[in-house]
Amino acid sequence: MDSAPRNPVTAVIVVAAGSGQRLGYGMPKAKVPLGGDTILTHALRGVAAAGIAQQICVAIPPGDQELLALCDDFAQALKAEHPGTPGTGGAGQPPIVTIVDGGATRAESVRAALAALLPATEAVLVHDAARALTPEAVFHRVSHALAAGALAVIPAIPVVDTVKTVEPTTGDGAAIAPELVTGTAARETLRAVQTPQGFDLATLRRAHEAAASFDDGQAAAVTDDAMLVELLGVPVHAVRGASQSLKITTPLDLIIAEGLLEGPLGVRWVEG
Ligand code: C5P
């Protein structure tokens, strides 16, 4: 008898509906040029190259015709490359590409995409378009952990900096420095968390249903999907991420991403 784990029917949600204000380009981050294409094009290519999804569901800023056209072009290119039936999941079959309007927060964008997944979907990976250069190996590590039975799995890398907690300085100290150190975290237990984050679909839907009733303060504190699953008490597993999965957030990140693309081997072959 074959005891190899079966790959669940998988969708990848790509959230690309952010404003990109911190990048300072005056346009949604997904459209910002990177290596002659856009950040979103690189992200979508990486997802497709990983070959793990029957569906790719992209959340874009509502009404953004340029990004809509970009996603349509990407879907057409996938069909031309793989002339099979989209979404059936067989070898060489292209994923179905679905486009949804994102929401005011990242979590709302994820919820909009969750509502648009194909009925047969069993597992979902949620990926930030801003992590446009994530290597295929990271998608594979996450999806293997799901196939092996994890309900939630995140890619993570060790933290190189010493991390401290602080609070605003009050009283006489305020004249010396704006913040006071309140503690030092044990670095060997810390991880910097990336995407794609993978979930059993029913578990992630349950986590987001619970979060839909959060007040503004609680909603603002939600920075990833795994956090919501942790609140349900479901174990979250961590696999190795990669340093080139950096989230392109500031102008310096964009310089690093351009540098990675120009590297001698090309970014997809450099493992971090
Ligand atoms: O803002 P932040 O850098 O945390 O965004 C992470 C990812 O979430 C980005 O890819 C961004 O496009 C996406 N996002 C979204 N909808 C929002 C806010 C962010 O899809 N309302």
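Order of listing sets the numbers, starting from 1, for every ligand and every atom in it.
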**Prompt:** Distance-only, no hydrogens or angles: does the T10 side chain make a donor-acceptor pair with backbone N or O of P8 under 3.5 Å?
**Reply:** yes

**Item:** Amino acids in close contact with ligand 1, where any non-hydrogen atom sits under 4.0 angstrom away
**Value:** V15, A16, A17, G18, R22, K29, G103, A104, T105, R106, S109, D128, A129, A130, K247

**Q194 side-chain N/O to A242 backbone N/O, donor-acceptor pair under 3.5 Å** = yes

**Request:** Output yes when a side-chain donor or acceptor of T195 lies under 3.5 Å from a complementary backbone atom of D128, and no otherwise.
**Result:** yes

Let me have the donor-acceptor pairs involving side chains of residues 173-185, under 3.5 Å, with sequence neighbours excluded, atom names and distances please.
unit_1	atom_1	unit_2	atom_2	d
T182	OG1	T165	O	3.1
T182	OG1	T165	OG1	2.8
T184	OG1	K164	NZ	2.8

**Minimum-distance pair of heavy atoms, taken over all atoms of R6 and E122** = NH2-OE2, 2.7 Å

**Message:** Tell me whether D37 is salt-bridged to R45, with the criterion being a basic N under 4.0 Å from an acidic carboxylate O.
**Reply:** yes

